[in-house]
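Starting off with a structure, shown below.
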Amino acid sequence: MRKFQFHPCGSFKETYQDELFLFKTDFGRLWVWISLILLFVVIPSSFGIQTLNLFSLMGIYAMAALGLNILTGFTGQLSLAHGSLFGIGAYTAAILGSRGGFPFFATIPLAAILAAAVGIILSFPAARLRNLYLCIITIGGQLIIEYVLLHWKGLTGGAEGIAITAGESGPLSVSQGTTFYLVVFIALATMIWVAANLMRTRFGRAFVAIRDNETAAEGMGIPIFRYKLLSFAISSFYAGFAGALFAYHAREISPGLFSMGMSMEFLAMIVVGGLGSIPGAVFGSIFIVFLNELLGVLARVFLETGAVTAMIPIREFFYGGFIVLFITVKPKGISTIWERTKSVFRHWPF
Amino acid sequence: MEFFLQVLINGISLGVLYAMAAIGFVMIYRTSLVLNFAHGGLMAMGAFIFLALSSWGRLPNLFSFVLTLAGAFAIGLLIEKSFHRSIMESKPIHGAILTIGLALIFKSIFTFLSGMNLPGYSAQFYEALSVTWGTVSIPASSVTVFIFSVFFFVLFGLFLKNSSLGITMRSTTENRAAALALGVPVKRVLALSWAIAAMFCAIAGIALGMVSNASIQELGFIGLKVFPVVVLGGLNSIGGAILGGILIGVLEALTKGYISASFGEIVPYVALFLMIALKPGGFFGTAEIKRSWQ
């Protein structure tokens with residue numbers, strides 16, 4: 001049996017195989033098992049349905065934020081179309097589920113694939129170009145997709161949107177609650193695992209090389225155009241997948257939800273959580289969902305005193321404020337605080 | 001034919017204002033390589049200060065205009081010194097993210113202010129300036145704004161070409177490291193370029209409010225149209241920004257006149273998409289030079 005290593009006082013890698021492990025010590029592996037048990041056994045059995053729904057939303061946002069972080073944090077390409085790609089996922093799931101009669105487990109991958117295809121089309125012209133053109137084209141993409149969702153009334157139902165009835169989710173009857181929670185978090189855990197491993201492959205290394213220095217990456221023989229497209233496609237896939245789950249979560253979707261504001265919300269998540277960090281995307285989505293809940297509570301308090309108009313823009317104000325604060329003061333986000341806390345405990349009492 | 005002419009003229013008078021807004025954008029992009037998403041917010045801010053001074057403060061229009069310019073200058077300076085300065089050395093994408101945060105803050109502030117029932121513009125124009133030619137008519141406000149804009153374009157062109165500050169600005173654009181080595185105060189130049197850009201935003205915001213009756217929240221959305229404008233003209237060309245602005249204005253007005261109003265709002269972005277696909281450098285932009293140190 002392999003000897004467990006919890007607190008090695010140095011790096012004792014004896015074989016190349018040891019270097020390839022995702023976790024440096026067994027401590028990390030242990031924590032993953034503990035958190036998985038917490039996530040899948042303890043939380044579903046100890047919280048009410050409302051809290052579980054909140055957790056599901058958090059998981060959905062974390063998935064989309066993870067996708068955006070692959071594009072923005074790892075590949076260094078800013079996207080403001082993430083909200084609309086999320087919306088494409090949601091609409092595909094809703095249309096296929098409620099009109100086409102597709103089962104739950106078929107609509108979600110289809111929605112993700114469609115979002116990835118739209119992402120490829122969207123980024124195709126700009127991926128050839130250098131740094132910020134991709135960002136500019138996503139503004140156009142976001143607004144054009146919003147327009148299509150709003151005006152293609154035959155397909156999307158226009159401004160009223162689409163409602164999804166609970167019975168349409170297939171044999172497993174994934175309605176709101178425990179089952180849905182489990183589906184969301186199994187998907188999220190898989191996606192985190194895929195992303196963490198993807199970043200250690202040829203593709204992930206190429207993404208990071210493109211972020212750090214495009215010219216040097218090109219000089220090393222990385223086909224930048226193809227990798228940028230790939231990165232955008234993966235990120236759109238994540239967004240579409242999350243969006244499809246969101247459609248089942250929200251039960252009713254309308255184009256107003258998937259505006260540029262949502263893109264900026266995702267951006268706020270990854271900036272707050274940490275650009276280029278996989279736990280960062282999760283932390284960011286937890287942070288933003290909690291912030292939303294807190295502001296919701298505040299809004300209810302203010303509703304009683306009558307100052308309602310002040311509450312509408314305050315969410316945007318906080319998002320903007322946190323983006324500015326984190327990008328100027330702590331560009332690596334919460335994840336650095338997390339790392340530092342971990343290292344403090346690891347080196348205790350020194 | 002007359003309808004076409006009318007639409008064309010409306011488009012041009014709108015486009016000149018887009019050009020005015022885009023000049024500030026290009027200036028910030030050229031000197032500090034930041035895509036300024038807070039552009040619409042700066043425009044709205046200018047319009048708001050002007051409205052507040054002229055209607056609540058009851059100051060004469062020209063005086064409040066000058067005060068607004070001073071205020072915008074100060075705000076541009078403040079943004080550069082307090083926010084942009086700390087990320088100056090990091091990648092361009094961080095600058096863009098910073099301005100997205102600023103744009104959200106601006107937007108929330110103006111949504112908050114819109115609850116306070118802002119008064120409308122009460123500007124008096126010389127009616128003699130309005131042009132009527134057959135059934136085609138140009139309102140006095142458009143003519144005034146057009147004259148003002150051309151005046152500012154020329155002023156700005158002369159400033160960049162001849163003044164010592166303009167020359168240092170251009171040198172910073174060209175090569176920041178070399179400019180610094182030759183004794184150009186790069187930080188001051190950056191701060192001033194943000195301030196001047198904010199001034200142009202304020203002018204564009206006030207003028208857009210006067211000509212097209214755009215409300216202050218709408219200005220934040222109109223601010224996004226600088227992206228199609230600058231891509232059409234070339235991301236790093238100020239002359240291109242002027243031409244791109246007029247092109248986008250005409251395109252938008254023609255689409256609104258002949259196809260549908262809602263599609264007219266989106267057609268600049270379709271143009272942006274096609275332009276990046278077909279001619280990414282824009283009509284006047286220079287080809288991108290690949291340098292690893294930028």
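By convention in this document, chain letters (A, B, ...) are assigned in the order of the sequence lines, proteins followed by strands, and residues within each chain are numbered from 1.
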*Of all of B/L102, B/I87, B/L98, which one pairs up most often with chain A through heavy atoms under 4.5 Å apart?*
B/L98
*Is chain B contacted by the side chain of A/L275, its backbone, both, or neither, given a heavy-atom distance below 4.5 Å?*
side chain
*Given that the side chain runs from C-beta out, which part of A/V324 has a heavy atom under 4.5 Å from chain B: side chain, backbone, both or neither?*
both
*asked:* Could you check whether A/E339 pairs with A/K332 (Lys NZ or Arg NE/NH1/NH2 to Asp/Glu carboxylate O, under 4.0 Å)?
replied: no
*asked:* With no hydrogens and no angle check, just 3.5 Å: does a side-chain donor-acceptor pair link A/N69 and A/Y238?
replied: no
_Those residues that, when tested against B/I266, pass side chain to side chain contact (heavy atoms under 4.5 Å, CB included) (two or more places apart)_ = A/L143, A/I144, A/Y147, B/F263, B/Y269, B/V270
*Let me know if A/L122 has heavy atoms under 4.5 Å from chain B in its side chain, its backbone, both or neither.*
both
*Is it the side chain or the backbone of B/S90 that comes within 4.5 Å of chain A heavy atoms, both, or neither?*
neither
*Pair B/R188 + B/E80, salt bridge at N-O below 4.0 Å*: no
_Between A/G261, A/G321, A/P125, who has the most heavy-atom pairs with chain B when the cutoff is under 4.5 Å?_
A/P125
*Taking atom types as modelled, is there a side-chain donor on A/S84 or A/E146 under 3.5 Å from an acceptor on the other?*
no
*For each of A/L80, A/V329, A/V271, A/L150, tally heavy-atom pairs with chain B at distances under 4.5 Å, and name the one with the top tally.*
A/L80
_Short N-O contact, B/R30 and B/E174, less than 4.0 angstrom_ = no
